[in-house]
Amino acid sequence: MHGLAPPSRATIGDRAAIDVGLFLTGLAGEAETAARLGLHPAELRELFDGSALSRCTMMPVGVGDNLDIRFLDMAGEAFDAPTFDDSVGRARSRAGGRRTFSLPANAIAAAEAPRATPDGIILHVGRCGSTLLCNLLASGGDWIALREPECLNSLFLARAATRDPAAIDRIDTLAGQLAGCLAHAVRPRKSLVKLSSWTAPLAAPLLARFPGTPVIVVVRDPWQTVASFLAEPPHWYGPASAQLAASERAGAVRFFAEAWRSTVAAARCLPGERIMFVDYEDIVGNPAATLAKLRSHLGDDGPPLAPAALEATLASYSKAASAEAFDPSGKHRRAVLAPDLAEIVTAVTAGESLGCRCREAGQAFVEEMARSAACPGRPRPDESGEGRSHRL
């Protein structure tokens with residue numbers, strides 16, 4: 001073991017297993033790992049090729065009681081299921097054993113920075129087309145969308161449950177390391193990590209660890225978002241029937257409206273040009289133009305996505321685990337809120353709704369100014385606000 005005190009016979013196996021695990025998850029380099037194992041890099045490659053470890057795609061899939069992280073070989077997964085953990089379940093159900101191991105939190109936190117970082121991160125208000133947006137971007141084949149990994153959710157919950165600064169720093173470090181592990185595993189394809197909607201108020205420390213990663217914030221008007229949550233309550237709401245009793249509905253509406261408000265408030269506080277707001281109506285109304293803007297924001301200068309692929313994606317229900325046609329006027333139709341419930345949403349979200357529209361309008365104004373600068377003959381929007389409107 002180069003550079004280390006000689007370990008006892010009892011600990012050699014455990015330490016070597018951790019070194020190998022860190023290498024497989026993108027948290028240690030080849031030369032460093034070989035040196036720690038007392039091997040030449042060529043010997044390490046030969047060892048991995050001989051045991052088929054070089055063909056593994058080890059990804060974080062769970063968090064233990066002591067914040068130890070469970071990894072699973074996800075080789076061969078398309079990650080086209082509604083959530084990342086749906087893909088995990090599919091991988092586990094396949095015939096044949098899947099390599100799996102756990103790494104202690106201390107080893108992950110003390111490891112070097114991940115060998116990769118996400119190429120984009122999505123925040124969203126929920127029921128706003130964020131899954132559809134992931135599907136549209138992935139339809140070109142160059143991107144993989146990793147949607148709401150529960151391992152990150154578990155760390156966000158652990159962070160919210162403690163007031164210990166040392167524990168918070170440790171959890172933030174682990175979240176950053178795991179996000180890097182996710183990105184490393186899908187290379188050479190680009191990675192988009194979509195966080196769960198409720199995590200937006202907790203996500204700032206994670207985003208700060210990837211200052212160069214563009215962020216997409218997907219929004220929808222709060223009345224439609226809340227109506228969708230009310231028709232089919234999300235798992236994080238707690239035990240609830242699909243049809244909430246009348247006595248529960250006002251409280252549920254207030255709860256969902258507050259979730260929308262807190263998500264938008266957190267997103268609006270994020271600084272810098274790395275943040276781009278995308279509206280549900282633009283995704284479904286003009287998907288090609290919306291994707292072109294989004295890909296530009298993500299630094300993807302590849303050719304336009306095939307119209308046929310976009311049309312096929314738009315025709316499918318994005319939340320289905322298998323192929324299912326989207327039926328907006330039938331099975332997937334959501335009733336509008338009753339006036340008394342809509343008033344609750346308005347009262348809770350009015351301030352952030354206005355602020356979000358102003359931020360989007362300012363974003364659109366800046367984009368228009370950039371286009372005008374590139375095309376001198378094009379009239380510029382004046383300072384009265386012409387050209388700044390943007391439907392939320």
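Small disclaimer: the values here were computed from a predicted structure and weren't measured. Numbering starts at 1 and runs along the sequence shown.
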Is any side-chain heavy atom of [X] closer than 4.5 Å to a side-chain heavy atom of [Y]?
X    : Y    : result
N153 : W198 : yes
T199 : L152 : no
L146 : M59  : yes
T57  : V186 : no
L53  : C56  : yes
L341 : L230 : yes
L305 : R295 : yes
S87  : M74  : yes

Donor-acceptor under 3.5 Å ([X] side chain, [Y] main chain):
X    : Y    : value
R45  : S54  : no
S191 : R187 : no
S353 : T349 : no
R189 : G141 : no
R220 : R127 : yes
R92  : L72  : no
D119 : L192 : no
Q177 : E112 : yes
D73  : M58  : no

Taking atom types as modelled and ignoring hydrogens, do the side chains of [X] and [Y] form a donor-acceptor contact shorter than 3.5 angstrom?
X    : Y    : value
N135 : S318 : no
T173 : R209 : yes
W223 : T346 : yes
D19  : T33  : no

How long is the span from the [atom1] atom in [X] to the [atom2] atom in [Y], to the nearest 0.5 Å?
X    : Y    : atom1 : atom2 : value
F156 : I171 : CZ    : CD1   : 11.0 Å
L206 : L195 : CG    : CG    : 6.0 Å
H297 : I275 : NE2   : CD1   : 6.5 Å
K293 : T290 : NZ    : OG1   : 6.5 Å
I69  : C181 : CD1   : SG    : 9.0 Å
I108 : L22  : CD1   : CG    : 7.0 Å

Go through the steps for V20 and L37 under the test side-chain contact (heavy atoms from CB on, under 4.5 Å), then give the verdict. CA-CA 9 Å; V20 170; L37 295 174; 4.0 Å; yes
Would you mind telling me which of I122, T313, I216 makes a side chain to side chain contact (heavy atoms under 4.5 Å, CB included) with C134? I122
Taking side chain to side chain contact (heavy atoms under 4.5 Å, CB included) as the criterion, tell me which of T263, V218, L207 meets it with L123. L207
Sorted by chain and number, sequence neighbours left out, ring pair (Phe, Tyr, Trp, His ring centres under 6.0 Å) with F23 holds for F48
F229 meets the ring pair (Phe, Tyr, Trp, His ring centres under 6.0 Å) criterion, sequence neighbours left out, with W236, F256
Should Y280 and V125 be marked as a side-chain contact (heavy atoms from CB on, under 4.5 Å) after you check the CA-CA gap, both sets of side-chain angles, and the distance that decides it? CA-CA 10 Å; Y280 170 81; V125 298; over 6 Å; no
Can you see which heavy atom on G126 is nearest to which on T225, and at what distance? O-CG2, 3.2 Å
Could you go through the side-chain contact (heavy atoms from CB on, under 4.5 Å) check for W143 and L298 one step at a time? CA-CA 11 Å; W143 286 83; L298 293 171; 3.7 Å; yes
Do the side chains of [X] and [Y] join up, straight or via other hydrophobic residues, at under 4.5 Å, putting them in one cluster?
X    : Y    : answer
L270 : F277 : yes
I168 : L157 : no
L67  : L182 : yes

For R254 and V348, what are the C-alpha separation, side-chain angles and deciding distance, and is it a side-chain contact (heavy atoms from CB on, under 4.5 Å)? CA-CA 7 Å; R254 193 176 302 280; V348 173; 4.3 Å; yes
Between E30 and R115, is there a side-chain N and carboxylate O pair less than 4.0 Å apart? no
Answer yes when D80 and R90 have at least one side-chain N-carboxylate O distance shorter than 4.0 Å, and no when they do not. yes
Can you tell which of E148, H124, K194 makes a side-chain hydrogen bond (donor to acceptor under 3.5 Å, both in side chains) with T131? K194
